[in-house]
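Letters A, B, ... mirror the listed sequences (proteins, then strands); counts begin at 1.
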Amino acid sequence: MRDIVIGMAGSGGDGIVSAGESLIAAAASLGFHAMMTKSFGPQIRGGESSCRVRLSTRELHSSGGALGVAIALNWEDFLKFGSELRCDDATVVIYEAKTGVLPEHIPLGNIKPREIMAVPLAELTKQSAGTEKAKNSLVLGLLSGWLGLSQDTLRKGIQRRYGKKGEEIVNGNLRAFEAGRQYADAHPSQTPLRLDAPAAATTKILTDGNDITAAAAIFAGCQFFGGYPITPSSEVMQFLGKEIWKYGGAVLQAEDEIAGIGTAVGASFGGKKAMTATSGPGMSLKTEILGLATIAELPLVVVNVQRGGPSTGLPTKPEQSDLYQACFSAHGDVLRPVLAPTSVADSFHCTVDAFNIAERYQTPVIILSDQEIAQRKETCDPIDTSKLVVEDRKRPTPEQLEKYTRFAASPDGISPISHPGMKGGAYLAAGIEHTESGAPSASGAVHARMNDKRFNKLLPLESWSGAVTVAGDAGADLALIAWGSIGGVALEVLDLAQAEGLRLKVLVPRLLYPVPKEVYRSFLRNVNSGLVVEQSHQGQLYKILRMELDLPKGLVSYCRSGANPIQPSEVLAKLKALSADARRSLS
Amino acid sequence: MRDIVIGMAGSGGDGIVSAGESLIAAAASLGFHAMMTKSFGPQIRGGESSCRVRLSTRELHSSGGALGVAIALNWEDFLKFGSELRCDDATVVIYEAKTGVLPEHIPLGNIKPREIMAVPLAELTKQSAGTEKAKNSLVLGLLSGWLGLSQDTLRKGIQRRYGKKGEEIVNGNLRAFEAGRQYADAHPSQTPLRLDAPAAATTKILTDGNDITAAAAIFAGCQFFGGYPITPSSEVMQFLGKEIWKYGGAVLQAEDEIAGIGTAVGASFGGKKAMTATSGPGMSLKTEILGLATIAELPLVVVNVQRGGPSTGLPTKPEQSDLYQACFSAHGDVLRPVLAPTSVADSFHCTVDAFNIAERYQTPVIILSDQEIAQRKETCDPIDTSKLVVEDRKRPTPEQLEKYTRFAASPDGISPISHPGMKGGAYLAAGIEHTESGAPSASGAVHARMNDKRFNKLLPLESWSGAVTVAGDAGADLALIAWGSIGGVALEVLDLAQAEGLRLKVLVPRLLYPVPKEVYRSFLRNVNSGLVVEQSHQGQLYKILRMELDLPKGLVSYCRSGANPIQPSEVLAKLKALSADARRSLS
Amino acid sequence: MTALATLPPAQFKSELKPIWCPGCGDYGVVQAIYRALSAIGRPPHEIAFISGIGCSSRIPGYTTAYGFNTVHGRALPIAQGLKLANPDLLVLVAGGDGDGFSIGGGHVPHAIRRNLDLTYIVMDNQVYGLTKGQLSPTSPKGLKTVTSAYGSLESPINPLLQVLSCGAGFVAQSTPADMPGLAAVIEEAIRYPGFSFVNVQSPCVTFGEEDQQVKAHKGRMQSLASKGHDPADYLKALELATHYGVELYTGVFYRNPNPPATYDAQVRERQAELQKTAVPRERILEMFQKG
Amino acid sequence: MTALATLPPAQFKSELKPIWCPGCGDYGVVQAIYRALSAIGRPPHEIAFISGIGCSSRIPGYTTAYGFNTVHGRALPIAQGLKLANPDLLVLVAGGDGDGFSIGGGHVPHAIRRNLDLTYIVMDNQVYGLTKGQLSPTSPKGLKTVTSAYGSLESPINPLLQVLSCGAGFVAQSTPADMPGLAAVIEEAIRYPGFSFVNVQSPCVTFGEEDQQVKAHKGRMQSLASKGHDPADYLKALELATHYGVELYTGVFYRNPNPPATYDAQVRERQAELQKTAVPRERILEMFQKG
Ligand SMILES: Cc1ncc(C[n+]2csc(CCOP(=O)(O)OP(=O)(O)O)c2C)c(N)n1
Ligand SMILES: Cc1ncc(C[n+]2csc(CCOP(=O)(O)OP(=O)(O)O)c2C)c(N)n1
Ligand code: SF4
Ligand code: SF4
Ligand SMILES: [Mg+2]
Ligand SMILES: [Mg+2]
């Protein structure tokens with residue numbers, strides 16, 4: 001096996017997520033590529049919980065499709081996760097024997113799994129550890145056995161995880177692990193489940209999108225974060241609240257999202273790199289001050305970790321339905337760069353890019369992450385940060401400070417920016433329209449000039465080399481476009497397509513807005529048909545592309561509301577149908 | 001003369017705006033079509049002020065182009081209004097003689113006006129009225145003489161206007177009026193300025209967009225208004241604050257825009273028709289609760305009187321740059337109807353339509369007015385309200401209340417809505433995604449179903465008969481599309497085009513979003529070229545049309561930032577050039 | 001308005017099963033509300049229960065009243081619009097310390113000065129429950145949470161003192177550690193004709209501190225009545241309220257002995273007065289006719 | 001930080017000509033600020049002056065300091081971010097009664113409890129000037145304005161009492177009718193190490209009421225010093241503040257005799273302490289390396 005997805009579900013107390021975390025940590029240190037997503041019921045405590053862990057010897061782009069191994073600690077909880085824990089006829093199903101359900105009666109509807117094993121999980125745990133609490137370690141033991149994962153590494157992980165709780169607990173868990181391992185040895189699976197050795201056994205970075213975004217902000221020189229907690233973005237603030245002080249920065253938990261972005265704008269006015277992070281409802285509240293940053297030409301990075309909407313919507317589920325808002329929420333004419341990371345590792349790069357763009361162009365920049373990327377754990381190869389450039393805003397020279405004009409016209413539309421404390425640089429910043437010097441003005445001529453300045457300074461961005469990632473067969477007339485976490489799905493579709501000999505090319509934009517028109521045009525030049533795939537009801541990127549480009553008639557939107565995972569296989573099927581149609585219509 | 005534009009400017013104390021108001025009131029009662037716009041400097045008191053009054057024997061659609069008569073009480077103030085008081089070689093310029101400027105030196109740059117008269121305005125006023133304060137009445141007298149407007153009517157107006165201030169003041173103003181009148185008689189203009197008699201001398205309605213919007217809300221059965229003052233929308237609240245109580249309704253001046261829309265949503269949840277009104281910055285703040293109204297399926301009317309943006313921008317100037325925001329500001333997938341009135345009279349109809357749509361589809365509806373329409377005074381023919389339908393939301397029947405399901409599926413996607421106080425109708429409304437019964441749900445399947453419901457229920461709107469106004473030559477291959485106050489400019493362009501024998505058709509959408517696709521398609525069927533004209537930097541409607549429609553290649557955007565009036569003549573010139581190009585490329 | 005003295009508390013309990021953590025203080029609060037509503041006697045459909053977002057804000061769904069679980073921090077404005085448009089309803093508002101005093105804090109002074117006849121219940125657990133343990137505006141200074149790894153640097157707000165200083169006519173505090181007392185102050189708050197506020201020290205068993213749990217409350221709570229406090233004494237109420245966070249006083253801090261006319265009552269009066277001067281709706285445009 | 005005792009008030013006056021109405025109270029306020037800043041002695045470029053939107057909020061533009069005329073109601077959050085990122089600056093915040101206590105009211109308690117070293121000056125004219133005469137949160141009950149044709153139905157807020165109840169360390173009031181007093185309390189507020197608040201009764205000559213004009217102030221104002229008030233007495237300050245709207249007290253209501261550490265000072269301390277434990281920026285990803 002080179003690639004497997006394990007899905008598990010149980011009640012809050014079952015430690016199913018903790019088993020997943022131990023598993024992925026071990027996998028990372030063994031050099032596997034791995035990805036883990038979690039999902040919970042609506043309860044804060046004691047509800048159902050689940051996780052999916054995907055392990056592979058090759059680079060991964062998505063959390064995968066149907067489960068290779070399904071582990072149900074009880075069926076009621078397992079079923080609550082619906083398509084998030086989809087089984088098919090290749091799945092090996094393992095479940096708690098004490099549920100009393102007969103293998104031939106497991107409640108998976110029409111699905112006939114490849115193999116079904118009822119294991120007395122609770123009983124084995126009790127026997128070995130003396131308490132059922134160690135069930136997660138027993139499950140680890142089972143998986144270690146069946147997948148052939150290093151016992152030592154997993155054992156070390158257990159020691160680390162429970163070390164603080166005392167020897168007794170550590171030993172209980174180790175005994176449960178051993179019991180699981182022995183059970184697996186005694187009951188080998190019919191299905192081959194053993195994982196191949198990873199290509200290079202180098203230790204990977206293991207983290208999630210939110211934490212790495214926060215780390216990237218520090219790397220990029222962020223000195224201030226102001227924000228308000230909201231799922232699924234709170235971890236950005238929480239990480240910075242631990243780390244940023246070490247770098248002379250500060251975090252302020254504001255009274256609301258308006259104050260959150262307000263403090264960040266204040267810090268930026270003060271000459272410091274600043275950030276805020278939130279999710280949809282918070283973005284809606286930040287709209288007004290975002291516009292202030294645009295007209296006052298202040299650098300600012302705003303992270304929106306998308307969840308399901310509208311309104312409070314589905315706070316813990318992924319969706320890509322805030323793109324319109326990111327591009328168009330402002331009153332007045334505003335052009336505001338929007339970036340979307342495509343993976344956990346790319347969240348690092350995207351954040352550094354966002355700070356660079358914000359500083360270079362003196363503009364707010366939105367990072368449109370999503371719950372999937374933000375909260376999934378993922379292995380990444382170490383990043384060579386010495387290759388990365390960190391930019392700072394253009395500050396006035398001493399000569400310019402002699403007669404300083406804050407919004408002075410310049411060929412690239414970028415005016416050197418002073419900040420309080422800088423002698424000679426005092427000016428009036430404002431949300432009101434202003435002349436070059438910053439004086440308020442209601443003149444139509446001044447307004448037109450300033451709108452030109454604010455729009456034109458961003459033109460170079462459209463030819464930014466980081467704007468898109470392109471993969472696949474450059475000569476293909478069949479195209480696939482997707483962004484954010486679904487960008488990863490698209491790359492997996494490409495793998496599948498190549499395996500089937502289907503000629504396909506893929507474009508994953510990282511700069512969603514302004515639309516890098518020339519890049520798309522050259523990508524689409526010989527395209528007849530294809531899909532723009534999105535996790536949203538409306539297919540917002542597709543519509544935005546139509547605004548700016550004449551798309552090939554055969555390039556259509558494929559989209560679906562959030563919390564309904566989009567599977568590589570279904571996209572492939574749709575692509576095949578399209579390409580067949582296109583061929584028919586040509587012949 | 002059938003049509004004349006008079007522009008005047010002076011200092012705050014000069015009463016220039018009051019002269020304009022007397023003039024238009026008289027014109028309205030005489031049966032003229034008339035329009036008046038005002039413009040002020042940034043000062044609250046004592047700054048420069050100006051007004052433009054257009055009088056005509058025919059229906060008017062815009063406040064007109066270059067001035068027929070320009071009146072400068074001093075040149076400094078006059079010039080501050082730039083293109084808002086544009087003169088050309090047909091203008092008759094009248095100015096205060098005591099400025100000392102020689103007629104050959106008036107500061108209008110290259111412009112050579114048709115006629116120039118230096119009039120000792122202050123002196124004549126002082127002589128006649130005993131005080132310079134009556135200058136505005138003197139100006140009225142001059143205009144009455146030169147335009148041939150009924151003395152009686154203007155005198156009656158002066159009596160009404162100053163009646164409360166006592167006889168002395170009334171008489172002083174009447175004497176000043178008489179002095180002006182005599183001066184005009186003694187100094188006839190070389191240029192013919194006398195107005196023809198109006199076609200039908202029926203008294204007109206005279207009001208502005210904000211007041212008539214508020215009146216329409218009362219007519220439509222609005223029972224609650226919650227809002228926060230902001231220029232240029234405050235008058236909606238102010239009018240309702242005087243009137244709505246009489247109809248059992250209430251107005252609440254909230255602590256901010258969020259609370260404003262919040263109270264309105266609360267009233268709507270309570271079963272009452274509710275409204276809020278604001279301008280761009282306030283819209284930005286209302287974004288979150290707008291989304292709540294969408295997901296909770298609560299009827300609500302939200303007026304945005306657009307001004308120049310971004311941010312505080314140009315608070316007193318017109319612009320059409322909030323269209324993106326109106327359509328796309330929400331986080332999550334949201335479809336929210338957006339209507340735009342095209343005139344003061346249409347503000348009445350649009351508001352009634354907005355309430356009907358809100359109630360019929362249980363959705364928030366945005367009325368996207370603009371400063372020009374909202375604050376300009378305009379004559380309208382009386383509206384026969386007995387022909388208008390006022391709709392109410394679908395309420396549950398007694399049978400439905402026996403087992404009430406708030407969001408029950410139905411063929412048209414509309415579920416009967418109960419409200420507190422209704423026995424059997426209790427349910428949980430929420431911003432969180434929910435099942436048909438209102439129970440919170442994070443299920444992807446439920447979410448997809450509910451998104452479908454919320455989008456599909458609005459489909460019939462696209463074929464709503466009020467969606468657009470079409471005029472001109474149906475067979476023309478040259479098209480003009482414009483909305484809001486610029487819609488009126490487009491209709492004037494049509495007049496000019498027809499006068500020149502240019503075949504043109506015009507579409508003025510009132511329903512901006514969702515885009516009534518079929519209507520546009522049939523309008524555009526034989527169109528080769530044309531313009532979408534907008535008062536914004538980006539040309540937002542043009543882009544939105546591209547999202548939804550395959551536009552003819554020759555249909556292009558023509559747009560310009562706010563506070564820079566778009567003139568019928570320039571649009572016509574552009575159209576001619578386009579149509580010539582199109583013909584060339586065809587031949 | 002119907003008043004039935006015979007509705008049992010269970011009549012107010014909905015079919016939705018609470019998803020609060022086992023032991024959460026909010027279970028006690030909803031029970032107390034059932035009891036208070038039973039004593040009041042208005043049928044559920046004449047009651048509207050508005051909340052924001054938070055664990056505590058789930059509470060309307062657990063009652064048989066009309067509920068509106070709105071957005072974070074905006075329960076008060078929404079409730080005011082509802083009440084003004086439907087003054088006959090009994091309107092309850094509830095939410096957390098964060099919902100009410102952080103994001104929603106700007107609405108509090110204005111709800112109070114308008115003095116609509118509403119009852120506002122805050123479940124003050126000194127933490128953000130729903131979002132998993134961040135600082136709340138009532139968290140004590142120095143508290144370590146996921147957003148304050150090294151201890152918070154800001155002082156908590158004092159909800160009691162703030163609400164008093166804004167002029168609320170009825171201000172009380174209680175805890176589920178004293179169920180009869182809690183039900184009683186909620187009932188009294190509902191009966192007060194005007195804006196009434198009840199701060200409930202409602203323990204968060206999952207993220208809250210030890211000294212904030214029911215057991216600790218039982219040891220610490222002191223009833224204001226037992227201290228001989230006269231709820232008509234405003235300045236004394238201010239002084240007692242300054243001890244928020246140190247002492248756990250329960251009962252009524254302040255009850256205005258001469259409740260002024262409510263906003264809703266004034267509105268009705270104005271409507272009645274002006275109704276006579278209305279031109280018929282259909283002829284409203286006539287006022288713009290210039291003669 | 002530079003301190004020059006020799007900067008004349010005119011040094012703080014910018015070239016922008018005020019567009020306030022002739023006679024507006026805000027002219028007096030900006031003059032008092034020039035004087036106070038002159039006494040403080042910090043050069044203009046080390047001062048940042050943040051405001052919201054309103055007539056009063058135009059004030060930063062009339063000084064030679066760095067100014068930020070932000071959006072309506074958000075001056076305090078923006079000022080806090082600025083100060084935290086640049087604790088060496090002298091940060092002034094100013095705006096109207098509407099800006100500060102209506103739309104911006106939610107930020108006040110939090111700015112106060114964080115206790116950054118800021119000075120907040122509210123020009124309280126009991127009306128909305130810029131938008132032409134609507135009700136403000138401090139308008140007296142019953143006032144007829146363009147938004148209250150038949151008189152307002154709500155009671156005004158009490159900014160002094162609210163700010164005191166939130167725990168502000170320095171709370172004062174003055175009026176341009178007493179220019180030396182006004183300049184003095186602004187200077188004292190700036191010198192107070194922590195959040196300080198000055199409520200200025202600043203007449204609106206265009207939309208304000210008669211009893212709110214300079215002339216009326218001259219007759220009504222009573223200095224707290226002359227009444228023997230001890231600004232260290234918090235409970236007495238609360239009591240005196242309850243007379244807001246009735247009596248026009250000028251001077252210092254409250255000055256915390258033991259100013260606690262400011263938020264900015266605590267932040268600096270924390271930064272200094274933790275700086276040692278930082279891994280170099282370039283190696284920050286190592287913390288995610290699993291071994
Ligand atoms: C606009 C917005 N911001 C943030 C959130 C996230 N959020 C939901 S509840 C909550 C705070 C919960 O704390 P509290 O109000 O004290 O209620 P509790 O859960 O403690 O009862 C937050 C920050 C949100 N849903 N909406
Ligand atoms: C978000 C937003 N809402 C409303 C406004 C309109 N507005 C500008 S200033 C103001 C109130 C002015 O009153 P105040 O703050 O008391 O200042 P003053 O003019 O009286 O000095 C309002 C409502 C705005 N600019 N932005
Ligand atoms: S997290 Fe705390 S407040 Fe929320 S339900 Fe659990 S115990 Fe109650
Ligand atoms: S309107 Fe009032 S507050 Fe504004 S400048 Fe004029 S006097 Fe001052
Ligand atoms: Mg809480
Ligand atoms: Mg004011």
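For the options A:G221, A:G424, A:G157, A:G271, heavy-atom pairs under 4.5 Å to chain D are most numerous at A:G221. Note: A:G421 leads A:G431, A:G421, A:A439 in heavy-atom pairs under 4.5 Å with chain D. Annotation: maximal heavy-atom pairing with chain D below 4.5 Å, among A:L292, A:V265, A:T385, A:T379, occurs at A:L292. Put simply, of A:L388, A:I289, A:I244, A:V390, the one with the most heavy-atom pairs under 4.5 Å next to chain D is A:I289. With chain D as partner, the option from A:A254, A:A26, A:G249, A:S386 having the largest number of non-hydrogen pairs under 4.5 angstrom is A:G249. Highest contact tally toward chain D, considering only A:G438, A:S418, A:A216, A:G425, is held by A:G425 [criterion: heavy-atom pairs under 4.5 Å]. Counting heavy-atom pairs closer than 4.5 Å to chain A, the top-ranked of the candidates D:R114, D:R58, D:K276, D:R283 is D:R114.
Contact between D:A85 and A:A267 at its shortest, heavy atoms only, is CB-CB, 3.7 Å. The two atoms that bring A:P382 and D:Q289 nearest to each other are CG-NE2, 3.8 Å, heavy atoms only. Of all heavy-atom pairs spanning D:I284 and A:A215, the tightest one is CG2-O, 3.8 Å. Closest non-hydrogen pair, D:L82 versus A:G270, comes out as CD1-CA, 3.3 Å.
Between the side chain of D:R281 and the main chain of A:A220, no donor-acceptor pair closer than 3.5 Å is present. The main-chain N or O of A:H419 is found under 3.5 Å from a side-chain atom of D:Y66 such that the two form a donor-acceptor pair. Between the side chain of D:E282 and the backbone N or O of A:F219, no donor-acceptor pair lies under 3.5 Å. No donor-acceptor distance shorter than 3.5 angstrom exists from the side chain of A:K246 to the backbone of D:T277, with no hydrogens or angles considered.
Separation of atoms CZ (A:F224) and CG (D:N86) is listed at 10.5 Å; rounding is to 0.5 Å. Annotation: the span from D:M287 atom CE to A:I205 atom CD1 amounts to 11.0 Å, rounded to 0.5 Å. Distance CD/A:E255 to NE2/D:H107: 6.0 Å, rounded to 0.5 Å. Taking CD1 from A:I432 and CD1 from D:I53, the interatomic distance works out to 6.0 Å, rounded to the nearest 0.5 Å. The OH atom of A:Y247 sits 10.0 Å away from atom CD of D:Q275, with the distance rounded to the nearest 0.5 Å. In this structure, D:E15 CD and A:S437 OG are separated by 9.5 Å, a value rounded to the nearest 0.5 Å.
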Steps toward side chain to side chain contact (heavy atoms under 4.5 Å, CB included) verdict (D:I78, A:T263): CA-CA 5 Å; D:I78 291 172; A:T263 55; over 6 Å; no
Steps toward side chain to side chain contact (heavy atoms under 4.5 Å, CB included) verdict (D:I50, A:F269): CA-CA 11 Å; D:I50 315 297; A:F269 174 65; 4.1 Å; yes
Residue pair A:E243, D:L274: steps toward the side chain to side chain contact (heavy atoms under 4.5 Å, CB included) verdict: CA-CA 9 Å; A:E243 300 297 333; D:L274 293 172; over 6 Å; no
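Contacts of D:V91 with chain A are absent, with no heavy-atom separation under 4.5 Å from either backbone or side chain. At a 4.5 Å heavy-atom cutoff, the contact between D:Y263 and chain A is made by side-chain atoms alone. Contacts of D:S51 with chain A are absent, with no heavy-atom separation under 4.5 Å from either backbone or side chain. Proximity to chain D is limited to the side chain of A:K272, based on heavy atoms less than 4.5 angstrom apart. Looking at D:A79, neither its backbone nor its side chain comes within 4.5 Å of chain A, counting heavy atoms on both sides. Residue A:I24 does not touch chain D at all, counting heavy-atom pairs closer than 4.5 Å. Using a 4.5 Å cut-off between heavy atoms, A:D384 makes no contact with chain D at all. Only the backbone of A:V251 comes within contact range of chain D, with at least one heavy atom under 4.5 Å from a heavy atom of that chain.
For the pair D:E46 and A:P420, the minimum side-chain heavy-atom distance is 4.5 Å or more. Between D:L285 and A:I212, the closest side-chain pair of non-hydrogen atoms falls below 4.5 Å. Considering only heavy atoms from C-beta on, A:P440 comes within 4.5 Å of D:L16 through its side chain.
Centroid-to-centroid, the aromatic rings of A:F239 and D:F288 come within less than 6.0 Å.
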